[in-house]
Q: 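Following this message is one structure expressed as structure tokens.
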Amino acid sequence: MRFSQLLIPTLKETPAEAEIISHQLMLRAGFIRKLASGIYSYLPLGLRSIRKVEQIVREEMNKAGAQELLLPMVQPSDLWQESGRWQKYGPELLRFTDRHKRESCLGPTHEEVITDLVRKNVHSYRSLPINLYQIQTKFRDEIRPRFGLMRGREFIMKDAYSFDATDIDAGLTYEKMNDAYHRIFKRCGLSFRAVEADSGTIGGSYSHEFMVLADTGEDTIVVCRECSYAANTEKARAMETPIPEPVEQLPLKKIETPGKRKVKAVCEFLDIFPENLVKTLIYVADGKPVAVLLRGDHEVQEVKLQNLLGADEIRLTDDKETFDFTGTPTGYLGPVGLHLRIVADLEVLKMANFTVGANEKNFHLQNVNRGRDFTVDETADLRMITEKDRCPQCGGELELTRGIEVGHIFKLGTTYSEALKATFLDDQGQEIPFIMGCYGIGVSRTVASSIEQNHDKDGIIFPLPIAPFQAILLNLSTRDKEITAAAESLYEELTKQGIEVLIDDRDERPGIKFKDADLIGIPFRVMVGKSLTKEGKIEIRDRKSGETISVTQQEAGDRIKQMIETAMAECRV
RNA sequence: CGGGGCGUGGCGCAGCCUGGUUAGCGCGCCUGCCUUGGGAGCAGGAGGUCGGAGGUUCGAAUCCUCUCGCCCCGACCA
């Protein structure tokens with residue numbers, strides 16, 4: 001294709017609205033333009049990259065035995081009523097009423113629709129397993145869209161749904177998808193990790209997230225330096241260690257701690273370590289207060305807490321609410337004599353003779369012991385993992401790193417098939433619900449994360465498999481007949497060979513073409529200019545390494561083809 | 001929704017505090033000349049009723065009120 005004819009509105013300056021690098025570069029490189037908050041147009045170059053990712057996804061999904069279909073984006077409310085999510089889903093679900101006063105929504109995900117399709121059309125174990133996917137625009141009315149394509153309200157997603165007859169089969173399907181996802185992201189040239197994850201609101205029992213490693217990622221993930229363990233911090237388990245032998249319980253002591261509210265201040269004042277203090281936090285879970293006990297140096301992992309409480313919504317109380325619930329100002333709370341539901345982190349069970357607030361302003365209690373002085377209603381692993389923790393799998397050192405979630409696979413079990421009464425007859429003639437799984441990939445986000453991971457001061461550096469073009473051919477002097485003829489004939493040759501090449505045939509100075517070529521990140525830059533007329537040479541430059549080689553006009557075509565093949569091989573699986 | 005910030009030609013910004021005639025600059029765009037290996041130079045030109053509405057005033061980009069949009073931090077998630 002010709003640069004002169006494509007809509008590639010590159011920008012010299014970064015638009016003020018863009019904060020992170022991928023967003024800035026996609027705007028500058030003319031890949032996307034914003035229409036409204038979280039809603040973008042994909043311009044020709046951006047769309048080409050997206051299509052590349054889609055194609056890889058398609059190939060791997062098909063190879064894994066899944067079938068492509070396309071489901072409606074507009075969905076009737078009835079189905080969502082049936083699954084119970086019409087109430088549950090909240091404002092992210094964009095709802096509207098049509099001319100017949102029927103309520104509908106824009107599909108944020110398609111469990112309901114696919115389950116309905118399958119329950120109406122699949123009735124026997126003989127038809128299973130079945131795995132259906134689509135690549136489609138989704139709409140989620142995000143509270144706060146941001147970072148360009150990274151968190152848009154409208155975005156392109158591949159979503160797949162599997163239906164199996166048995167748990168064992170469902171497990172096999174899950175593994176197949178896990179494998180396909182590894183292949184997909186490897187083929188996209190991304191550096192990523194699959195991590196254990198919380199299954200969130202989609203519901204289900206078991207899940208993994210595929211995280212592209214990037215500092216601007218919105219998620220923190222925990223990775224073991226020694227073994228394969230990797231998890232989202234929402235899920236990362238604290239290593240289970242034995243509860244120490246009981247020690248002698250010292251007599252309870254009430255002590256004045258005037259104005260000492262923060263853990264740090266209390267510890268300094270009493271000359272103790274945070275490891276020997278238990279802090280008490282008051283949360284509201286679906287409107288009801290609950291006290292959470294945690295070792296002084298630990299932080300709550302709210303998703304773990306939410307799962308333990310089985311609540312739809314939890315939040316930390318503010319100072320006023322805390323006082324209303326407990327009669328004690330924040331900073332002096334403790335479990336002794338507290339008349340609230342009390343849950344404790346596992347680590348608290350291992351402590352003895354510790355310090356807590358006395359539920360009285362300016363006082364703390366020392367030598368507190370669970371059992372003797374208070375009881376807890378429930379205990380669980382509730383805290384955020386830190387780099388000081390050890391791997392729950394092998395005991396190795398852990399590393400915390402940032403990641404962008406580009407894929408997520410879930411075992412759904414029978415959550416949806418039961419709700420929607422989607423059943424089949426097994427080999428005994430028994431009617432049982434399908435065992436489901438669902439598998440998503442953020443396609444547009446994948447392109448953005450690739451840029452997040454691969455760029456330099458000059459612009460994007462695309463991995464070859466998802467670059468909008470494989471090569472960009474610069475005609476550095478469109479007014480020179482010899483150069484133009486050579487560039488045009490090489491362009492034809494490459495195009496005939498099936499290479500995706502963009503020829504920069506604009507009547508511009510070389511500097512502009514170099515800058516634009518770097519900015520849009522095409523992996524190979526072929527330059528036809530002065531050195532052709534002077535030395536008979538054409539140069540080929542590698543965008544990533546910056547290495548440039550000179551070849552004769554005759555060998556140029558073959559060399560480029562060979563370089564592309566070599567680079568593609570690196571991302572093959 | 002809570003907290004912070006911003007809306008002035010396509011992009012980046014100044015002007016606003018302390019109202020005053022034709023609203024300015026850089027880039028981009030158009031024409032001509034010139035130039036062609038890292039975003040050149042010269043000359044000429046087009047393009048903005050200053051997000052919108054109302055108000056104060058002889059006079060509003062500037063002051064006041066309301067409103068809309070956008071961005072950042074938090075709850076959400078591919």
Side-chain angles (χ1 to χ4, degrees), chain A residues 9-20 23-24 27-28 30 33-39 53 57 89-93 108-110 135-160 181 197-202 207 209-212 218-219 232 234 302-303 306 313-316 318 404-410 438-449 458-459 474-480 483 506-519 525 527-534 537 539 541 548:
Chain A
T10 58
L11 299 172
K12 266 189 182 175
E13 286 177 284
T14 304
E17 70 188 48
E19 191 80 0
I20 66 165
H23 189 196
Q24 295 176 347
L27 287 169
R28 284 193 54 209
R33 284 294 182 267
K34 186 175 68 187
L35 180 62
S37 180
I39 300 179
V53 173
V57 168
Y89 212 94
E92 279 81 51
L93 187 64
T109 174
H110 282 67
I135 297 173
Q136 184 205 39
T137 296
K138 294 281 186 275
F139 194 93
R140 293 184 189 172
D141 201 358
E142 293 282 344
I143 304 168
R144 185 152 87 85
R146 61 186 132 171
F147 303 150
L149 294 194
M150 212 59 99
R151 179 171 300 286
R153 293 195 291 164
E154 190 179 291
F155 60 99
I156 299 175
M157 177 170 162
K158 185 283 302 183
D159 47 328
Y181 272 43
D198 183 75
S199 31
T201 50
I202 292 189
S207 85
E209 287 171 347
F210 288 76
M211 310 289 288
V212 167
E218 293 186 80
D219 298 275
N232 193 309
E234 293 173 357
E302 295 193 349
V303 173
Q306 186 167 3
E313 193 209 335
I314 63 163
R315 63 184 171 81
L316 193 58
D318 60 29
I404 302 161
E405 183 185 351
V406 289
H408 202 159
I409 58 179
F410 297 84
C438 82
Y439 319 90
I441 289 179
V443 172
S444 36
R445 183 185 278 183
T446 298
V447 174
S449 3
D458 294 314
L474 307 188
N475 176 345
L476 294 173
S477 185
T478 48
R479 297 186 193 168
D480 182 306
I483 288 170
R506 295 175 297 172
D507 180 24
E508 293 286 358
R509 299 163 57 83
I512 289 177
K513 299 191 177 187
F514 293 142
K515 288 289 182 188
D516 275 343
D518 285 348
L519 180 61
R525 186 216 290 176
M527 292 162 283
V528 183
K530 257 187 199 159
S531 47
L532 179 76
T533 41
K534 282 189 182 152
K537 290 293 176 70
E539 289 119 311
R541 184 182 164 95
T548 307

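So you know, we letter chains A, B, ... as the sequences are listed, proteins then strands, and number each from 1.
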Q: Just to be sure I understand the rule, does A:Arg541 reach a base, reach only the sugar-phosphate, or reach nothing, if contact means heavy atoms closer than 4.0 Å?
A: base

Q: Can you say whether a donor on the side chain of A:Glu13 sits under 3.5 Å from an acceptor on the base of B:G28, or the other way round?
A: no

Q: Across all strands shown, which nucleotide pairs with B:U18 by Watson-Crick or G-U wobble geometry, both distances under 3.5 Å?
A: none

Q: Has the side chain of A:Arg151 got a donor or acceptor that lies under 3.5 Å from a partner of the other kind on the base of B:C77?
A: yes

Q: Please state how far atom CG in A:Asp516 lies from atom C1' in B:U36, giving the value in whole angstrom units.
A: 16 Å

Q: Once you round it to whole Å, what is the distance between C1' of B:C77 and NZ of A:Lys138?
A: 14 Å

Q: Below the 4.0 Å mark, does B:G74 have OP1 or OP2 next to a side-chain nitrogen or oxygen of A:Arg146?
A: yes

Q: Is there a donor and acceptor pair closer than 3.5 Å between the side chain of A:Arg28 and the base of B:G39?
A: yes

Q: Are A:Phe514 and the base of B:G39 stacked, counting only ring centres nearer than 5.5 Å and planes tilted under 30°?
A: no

Q: How far, in whole Å, is B:A23 from B:U36 if one measures between their C1' atoms?
A: 37 Å

Q: So, taking the atom named CG in A:Leu11 and the one named CG in A:Leu27, what distance separates them when rounded to the nearest 0.5 Å?
A: 7.0 Å

Q: Pick the P atom in B:G51 and in B:A61, then give their distance to the nearest Å.
A: 10 Å

Q: B:G47 and B:U8: how far apart are their C1' atoms, nearest whole angstrom?
A: 14 Å

Q: Going from NZ on A:Lys530 to CG on A:Leu476, what distance comes out if it is rounded to the nearest 0.5 angstrom?
A: 10.0 Å

Q: When all nucleic acid strands are considered with a 4.0 Å heavy-atom cut-off, which category describes A:Glu508: base, sugar-phosphate, or nothing?
A: base

Q: Under 4.0 Å from OP1 or OP2 of B:A78: is there any side-chain N or O of A:Thr109 that close?
A: no

Q: What's the spacing between A:Arg153 CZ and A:Ile143 CD1 if we round to 0.5 Å?
A: 12.5 Å

Q: Could you tell me whether A:Asp219 contacts a base, only the sugar-phosphate backbone, or nothing, with contacts defined as non-hydrogen atoms closer than 4.0 Å?
A: base

Q: With hydrogens left out and only the distance checked, is there a donor-acceptor pair under 3.5 Å joining A:Ser531's side chain and the base of B:G37?
A: yes

Q: NA contact type, A:Gly442, heavy-atom cut-off 4.0 Å: base, sugar-phosphate, or nothing?
A: base

Q: What about A:Arg144, does its side chain sit under 3.5 Å from the base of B:G2 through a donor-acceptor pair?
A: no

Q: So among A:Ile404, A:Ile409, A:Thr446, which one has a side chain to side chain contact (heavy atoms under 4.5 Å, CB included) with A:Phe210?
A: A:Ile409

Q: Applying a 4.0 Å non-hydrogen cut-off, can you work out what A:Gly529 is touching in the nucleic acid: base, sugar-phosphate, or nothing?
A: base

Q: By the 4.0 Å heavy-atom rule, please label A:Glu142 as base, sugar-phosphate, or nothing.
A: base

Q: Select base, sugar-phosphate, or nothing to describe what A:Arg33 touches, counting heavy atoms under 4.0 Å on all strands.
A: nothing

Q: Determine the interatomic distance between P on B:C77 and the same-named atom on B:C70; round to the nearest Å.
A: 23 Å

Q: With heavy-atom distances below 4.5 Å as the criterion, would you say the side chains of A:Thr478 and A:Arg506 are in contact?
A: no

Q: When you measure from the side-chain N and O atoms of A:Lys12 to the phosphate of B:G28, is any distance below 4.0 Å, counting only OP1 and OP2?
A: yes

Q: Does B:A40 have its OP1 or OP2 closer than 4.0 Å to a side-chain nitrogen or oxygen of A:Arg509?
A: yes

Q: Are the charged groups of A:Arg151 and A:Glu218 less than 4.0 angstrom apart, N to O?
A: yes

Q: Considering just the side-chain nitrogens and oxygens of A:Lys34, establish if one lies under 4.0 Å of OP1 or OP2 belonging to B:C71.
A: yes

Q: So what does A:Glu539 hit on the nucleic acid, given a heavy-atom distance under 4.0 Å: a base, only sugar-phosphate, or nothing?
A: base

Q: Look up atom CD1 in A:Ile20 and atom CZ in A:Arg146, then write down how far apart they are to the nearest 0.5 Å.
A: 10.0 Å

Q: If we call it a pair only when both distances are under 3.5 Å in a Watson-Crick or G-U wobble match, what pairs with B:C25?
A: B:G12

Q: Any strand is fair game: report the nucleotide pairing with B:C77 by Watson-Crick or G-U wobble, both distances under 3.5 Å, or none.
A: none

Q: Give A:Gly152 one of three labels, base, sugar-phosphate or nothing, depending on what nucleic acid heavy atoms sit under 4.0 Å from its own.
A: base

Q: Taking a pair as Watson-Crick or G-U wobble with both distances under 3.5 Å, which nucleotide is matched to B:A43?
A: B:U31

Q: Could you check whether A:Tyr439 gets within reach of a base, just the sugar-phosphate, or nothing at all, counting any heavy atom under 4.0 Å?
A: nothing

Q: Identify the nucleotide, in any strand shown, that forms a Watson-Crick or G-U wobble pair with B:C6, with both distances under 3.5 Å; if there is none, say none.
A: B:G69

Q: Checking all strands, does A:Ala18 fall into the base, sugar-phosphate, or nothing category for heavy-atom contacts under 4.0 angstrom?
A: nothing

Q: Suppose you measure atom C1' in B:G15 against the same atom in B:G24; what distance do you get, rounded to whole Å?
A: 7 Å

